[in-house]
Student: 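Structure in structure tokens, see below.
Throughout, residue positions are numbered sequentially from 1 according to the sequence presented.
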Amino acid sequence: MQKRSFLGYLPYLFLLAAILALLTMNPSSSSSHALTYSELQSTLKNQDVTEAVLRIGANAVSVQGTYVDGDGNTVTFTSTAPATEESIQDLTDRLEDGRLTIVDAESGNAFMQAMYELVPLVIVLLLGVWMMNRMGGNNSANAKAFDFGKSRARLETKSKVRFSDVAGCDEEKA
């Protein structure tokens, strides 16, 4: 049985990386309830919000948090609000400081940002190397395409064979 090289597993690794990227793109869990802005305002008035995270972006504020409903169950919620001064001030006034965390949505981890930019480039380069190796492998038709520089032909300058040493062909000798 022939051993497979690392490049033989490259398409499978690429597929696995794509699936993992798709799974991690939506970090919100399915157990959280999506609230409209009006439902968010009534929830902040009527419910005991235990914690909340505000991600302030350029156009919208993403609100994630938990509250205890009337039955004593803890409910996770998500919502968006417009990123105006009035709405941000209203949200921060309704939530006390101990329960509120404010995060700037545009500031990110520099390492993760670099990884988001470099990983696709590395994957494309590895895919290109793999394809070039598949095209120029030992068993392909293109294997000998560029071997013309390795010719074993030599130019003989000091030939010791004379016309008198060659038998026949009198016309050519003359």
Student: Within the 3.5 Å criterion, strictly below it, is a donor on Ser62 or Thr80 matched to an acceptor on the partner's side chain?
Tutor: no
Student: State the OG1-CD distance between Thr74 and Glu51, to the nearest 0.5 angstrom.
Tutor: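 Between Thr74 OG1 and Glu51 CD, I get 10.0 Å after rounding to 0.5 Å.
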Student: Look up atom OG1 in Thr92 and atom CG in Leu54, then write down how far apart they are to the nearest 0.5 Å.
Tutor: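 Here the interatomic distance stands at 7.5 Å.
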Student: Taking only residues two or more places apart in sequence, or in another chain, which ones meet Asp93 in a side-chain contact (heavy atoms from CB on, under 4.5 Å)?
Tutor: Gln89
Student: Quick check: closest heavy atoms across Ala83 and Val61, and the distance to 0.1 Å?
Tutor: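 Between these two residues, the closest heavy atoms are CA-CG2, 3.8 Å.
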Student: Give, for atom CG of Leu91 and atom OH of Tyr37, the distance between the pair rounded to the nearest 0.5 Å.
Tutor: 5.5 Å
Student: Please test Arg94 against Gln41 for side-chain contact (heavy atoms from CB on, under 4.5 Å), starting from the C-alpha separation and ending with a verdict.
Tutor: CA-CA 9 Å; Arg94 290 187 186 201; Gln41 289 177 337; 3.8 Å; yes
Student: When you measure from the side chain of Glu117 to the backbone of Ala114, do you find a donor-acceptor pair of N or O atoms at a distance under 3.5 Å?
Tutor: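 Looks like no, no N/O pair under 3.5 Å.
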Student: Give a yes or no on whether the backbone of Ser42 and the side-chain of Asn46 come within a donor-acceptor separation of less than 3.5 Å.
Tutor: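 At least one qualifying donor-acceptor pair exists.
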Student: Could you tell me whether Tyr116 atom OH has more than 12 heavy atoms of other residues or ligands within 6.0 Å of it?
Tutor: no
Student: For Thr50 and Val68, run side-chain contact (heavy atoms from CB on, under 4.5 Å): C-alpha distance rounded to whole Å, both residues' side-chain angles, the deciding distance at 0.1 Å, then the answer.
Tutor: CA-CA 7 Å; Thr50 56; Val68 179; 3.8 Å; yes
Student: Which pair of non-hydrogen atoms, one from Thr43 and one from Val49, has the smallest distance, and what is that distance?
Tutor: O-CG2, 4.4 Å
Student: List, by chain and then residue number, the residues other than Leu125 in its hydrophobic cluster (Ile/Leu/Val/Met/Phe/Trp/Tyr, side-chain heavy atoms under 4.5 Å); write none if there are no others.
Tutor: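 Its cluster mates, by chain and number, are Leu121.
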Student: Can you tell if the side chain of Val63 reaches within under 4.5 Å of the side chain of Val53, non-hydrogen atoms only?
Tutor: no
Student: To the nearest 0.5 Å, tell me how far His33 NE2 sits from Glu39 CD.
Tutor: 11.0 Å
Student: Using only atom types and a distance under 3.5 Å, with no angle test, would you say the side chain of Thr76 pairs donor to acceptor with the backbone of Thr66?
Tutor: no
Student: In Å, rounded to the nearest 0.5 Å, how long is the span from OG1 of Thr78 to CG of Leu35?
Tutor: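 Answer for the OG1-CG pair, Thr78 versus Leu35, is 6.5 Å.
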Student: Flag yes if Val129 and Val124 sit in one hydrophobic cluster, no otherwise; membership is Ile, Leu, Val, Met, Phe, Trp, Tyr, and two members link when side-chain heavy atoms are under 4.5 Å apart.
Tutor: no
Student: In Å and rounded to the nearest 0.5 Å, what is the CG to CE distance from Leu127 to Met131?
Tutor: 6.0 Å
Student: Among residues two or more places apart or on two chains, list those pairs meeting ring-ring contact (aromatic ring centres under 6.0 Å, His included) that have a residue in residues 60-95.
Tutor: Tyr67-Phe77
